[in-house]
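A quick write-up on the structure given underneath.
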Amino acid sequence: MRIYKDKLTGDEMFSDTYKIKLLNEVIYEVYGKHVTRKNGDIQLDGANPSAEEADEGTEDSGESGVDIVLNHRLQESFAFPDKKSYTLYLKDYMKKLIPKLEKDEVDVFKNNVNVVMKDILSRFKDLQFFTGESMEIEGLVGLMEYREIDGASVPVMMFFKHGLDEEKF
């Protein structure tokens, strides 16, 4: 299993348990799903809950949301009310990130990021923004939008590949 952490803050952003696609060598698209859980209820893929544990009609509190957000304790941020504020954040973020990259990574990042971000920013009003658990806005901010895939609305999160450290477990 691989965990992807923010290179600047160390916050866990996602893992390889989700479907992941790399776009233009700079953006990971991570495909999630909307889930509802009871408090204390941990659902593992492939698990088969016992029939003996039938619901006895007690009222349980719970949480619902996108599995990537819940599992990795991402925090929604409302720091970007418009494109201008997000663009300013990107400029500052890149100034902090570039010195942490190898020369060949810098070239790939700089050559491809503008094309990808132009496309993403064209859908700015449809985006939600998420930081890691520390809520550090100076680090990587993940983007999320919903896309229609096979007749279902699917949450897709986007992260800069170069802003992540990959750890094997």
Side chain proximity check, [X] to [Y], heavy atoms < 4.5 angstrom:
X: L140; Y: T9; answer: no
X: M94; Y: V113; answer: yes
X: Y86; Y: L127; answer: no

Spacing of [atom1] belonging to [X] relative to [atom2] belonging to [Y], to within rounding of 0.5 Å:
X: E133; Y: H72; atom1: CD; atom2: NE2; answer: 11.5 Å
X: K125; Y: D82; atom1: NZ; atom2: CG; answer: 8.5 Å
X: L143; Y: S77; atom1: CG; atom2: OG; answer: 11.0 Å
X: Q128; Y: M144; atom1: CD; atom2: CE; answer: 4.0 Å
X: L22; Y: I27; atom1: CG; atom2: CD1; answer: 9.0 Å
X: I68; Y: Y31; atom1: CD1; atom2: OH; answer: 10.5 Å

Of all heavy-atom pairs between [X] and [Y], which one has the smallest distance, and what is that distance?
X: K5; Y: G10; result: CD-O, 3.6 Å
X: P81; Y: A79; result: CD-O, 3.3 Å
X: I98; Y: V106; result: O-CG2, 3.9 Å

Cut-off 3.5 Å, no hydrogens considered: what does the side-chain donor-acceptor table look like for residues 162-169, sequence neighbours left out?
{"residue": "D165", "atom": "OD1", "partner": "K7", "partner atom": "NZ", "Å": "3.0"}
{"residue": "E166", "atom": "OE2", "partner": "R2", "partner atom": "NE", "Å": "2.6"}

Given Y28, F159, Y18, the one that forms ring-ring contact (aromatic ring centres under 6.0 Å, His included) with Y4: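 Answer to the ring-ring contact (aromatic ring centres under 6.0 Å, His included) test with Y4 among Y28, F159, Y18: Y28.
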Reference residue F80; test ring-ring contact (aromatic ring centres under 6.0 Å, His included); the match among F124, Y89, F130, Y93: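 Of the listed options, the one satisfying the test is Y89.
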Can [Y] be reached from [X] by stepping across I, L, V, M, F, W or Y side chains whose heavy atoms are under 4.5 Å apart?
X: F129; Y: M117; result: yes
X: Y146; Y: I120; result: yes
X: I137; Y: M13; result: yes
X: I3; Y: F14; result: no
X: V108; Y: L23; result: no

I'd like to know if the side chain of [X] reaches the main chain of [Y], judged simply by a donor and an acceptor atom lying under 3.5 Å from each other, with no hydrogens or angles considered.
X: Q75; Y: R73; answer: yes
X: D67; Y: G32; answer: no
X: D11; Y: S134; answer: yes

Go through it in stages, so that I can follow the logic: the residues are L8 and E138, the test is side chain to side chain contact (heavy atoms under 4.5 Å, CB included), and I'd like the CA-CA distance, side-chain angles, deciding distance and then a yes or no. CA-CA 8 Å; L8 300 180; E138 301 298 318; over 6 Å; no
Could you list the cluster mates of M135? Members are the ILVMFWY residues connected by side-chain heavy atoms closer than 4.5 Å, either directly or through other members.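 Reading the cluster by chain and number, M135 sits alone, since nothing else belongs.
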Checking F160 against L90 for the side chain to side chain contact (heavy atoms under 4.5 Å, CB included) test, could you report, in this order, the C-alpha distance in whole Å, the side-chain angles of both residues, the deciding distance, and whether it holds? CA-CA 11 Å; F160 288 118; L90 277 178; 3.6 Å; yes
Can you name the salt bridge (Lys or Arg N to Asp or Glu O under 4.0 Å) partners of E25, sequence neighbours left out?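 In terms of salt bridge (Lys or Arg N to Asp or Glu O under 4.0 Å), with neighbours along the sequence ignored, E25 is linked to K161.
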Let me see the working for V69 and M157 under side chain to side chain contact (heavy atoms under 4.5 Å, CB included), right down to the final yes or no. CA-CA 9 Å; V69 172; M157 295 204 69; 4.0 Å; yes
Does NZ belonging to K96 count more than 12 external heavy atoms closer than 6.0 Å?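 Enclosed: over 12 neighbouring heavy atoms sit under 6.0 Å from NZ of K96.
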For the pair E145 and M158, evaluate side chain to side chain contact (heavy atoms under 4.5 Å, CB included) and give the outcome as yes or no after the intermediate values. CA-CA 9 Å; E145 68 180 348; M158 294 166 279; 3.9 Å; yes
